[in-house]
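Each remark here refers to the structure printed beneath this line.
Lettering of chains follows the sequences in order, A, B, ..., and the numbering in each one begins at 1. Remember, predicted model here, so these are calculated numbers, not experimental data.
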Number of protein chains: 2
Amino acid sequence: MTVTGETDRREAAESLALALVGAGMQRMAARALAAFLFSDKESLTAGDLAEELGVSAGSVSGAIKMVAQMGLIERSFVAGSRREHFRMRDNAWTTLYSRQHSIIDDVLSAVERGVDAVGAGPAYGRLTYMRDFYTYLLNEVPALVERFEEQRSGRRGESRP
Amino acid sequence: MTVTGETDRREAAESLALALVGAGMQRMAARALAAFLFSDKESLTAGDLAEELGVSAGSVSGAIKMVAQMGLIERSFVAGSRREHFRMRDNAWTTLYSRQHSIIDDVLSAVERGVDAVGAGPAYGRLTYMRDFYTYLLNEVPALVERFEEQRSGRRGESRP
DNA sequence: CCCAGTCTTCAGAAATTTCTGAACGTTCGC
DNA sequence: GCGAACGTTCAGAAATTTCTGAAGACTGGG
């Protein structure tokens, strides 16, 4: 492992935030998520985030709301602290893929309405293919996630530093 | 199957476009893609699209470029026509999931740099878990797509109208 | 070679999104 | 209860994205 400083950590965090923006995430939400990932504290408060990211309390409030809605962070009650703490959820990533179901579901419903709205012809063929593909995906994701969990728990701790 | 008119088809197309926007796609690209999906022509020209969507030629040009870059449509040479035709690619959806690799790859690289930038501690654990999850996903997608193709080709034509 | 038809590019207008800062709640210690 | 510490909300400013329309480029027929 390389010896690195706080600057490298910040840069790496911003770099990840950028990649997440490229993947369709909103800027501030991505920066907040990266901050959670890269922090060595177990939980962060809104104030911590505002300082770390150099933005207003208002922005942080909105960003936290978004990331929480994605199911990636959760409120965490810390004894002896009045402030509200947030931490990454243990199963953040696998949960994310369940949440994405609802997004694909919306697409799938629209496609299904399309299938009903067109008569026989090329459009019908395209729409049913699309429907079948996404239906298959939707069905397979839970098993996929489960296999990952099993595989990783079998190897737990092997590569920890 | 319900008897439906052109208005229903348009509405269903716009509805799908909306769902795709919700999934992170850009507005005009989503509308263009929906137009391709719902058209009973095998191919469309930029002019066809401009008329169908009621937007300028400039907007259409940009939208086509985006959808083509996603690998969902391709140029199609039509004998006896000077205009440039575009059609949906046969394996548009499965290809899409290969292209998404590059997006996930970007995230994964950023995470990997993060792993190098942090010392032992909570951040290290979070980052390696994230890396492992997305690596697993990346590895599994091709097999998943292949299984879908096999299953569908086995049933080819069964449910065609 | 020139023209008509078609597509692309690009500067700027319009719409939308994002961020801030100030005002307003809430909660807890005293 | 009061006051201080925090967090949230919201109107508006700032930045960004998106769309248009006009100008330019390419292509093939005449």
Comparing A/G62 and A/R83 on DNA chain D - which has the more 5′ nearest nucleotide: A/R83
Is it the case that the side chain of A/R126 and the backbone of B/F36 share a donor-acceptor pair, with hydrogens and angles ignored and the cut-off at 3.5 Å? yes
What is the distance from CZ of B/R75 to P of C/dT6, rounded to the nearest Å? 16 Å
Below 3.5 Å is the cut-off: list the nitrogen or oxygen pairs between protein and nucleotides 24-30 of chain C, distance only.
unit_1	atom_1	unit_2	atom_2	d
C/dC28	O2	A/R82	NH1	3.4

Has the side chain of A/T128 got a donor or acceptor atom that lies under 3.5 Å from a matching backbone atom of A/Y124? yes
Near DNA chain C, under 4.0 Å by heavy atom, which residues of residues 35-50 of chain A? none
A/E51 CD to D/dA5 P, in whole Å, measures 16 Å
Assign a letter to each nucleotide of nucleotides 10-26 of chain D from its 5' end: B, base within under 4.0 Å of a protein heavy atom; S, sugar-phosphate only; -, no contact. --------SSBB-----
Hey, is the main chain of A/E11 close enough, under 3.5 Å, to the side chain of A/S15 for a donor-acceptor pair? no
Nearest heavy-atom neighbours spanning A/V67 and A/A32: CG2-CB, 4.4 Å
Heavy atoms of B/M88 and B/L33 approach each other most closely as CE-CD1, 4.0 Å
So does B/D8 pair up with A/R113, basic N to acidic O under 4.0 Å? no
Only one of B/R31, B/M66, B/M70 clears side chain to side chain contact (heavy atoms under 4.5 Å, CB included) with B/M25; which? B/M70
Below the 4.0 Å mark, does C/dT9 have OP1 or OP2 next to a side-chain nitrogen or oxygen of B/K65? yes
Any luck finding a side-chain donor-acceptor pair between B/T95 and B/S98 under 3.5 Å? no
Using only heavy-atom distances, determine whether the side chains of A/T45 and A/R83 contain a donor-acceptor pair under 3.5 Å. yes
Is the ring pair B/F133/A/F148 parallel, tilted or perpendicular, if the boundaries are 30 and 60 degrees? perpendicular
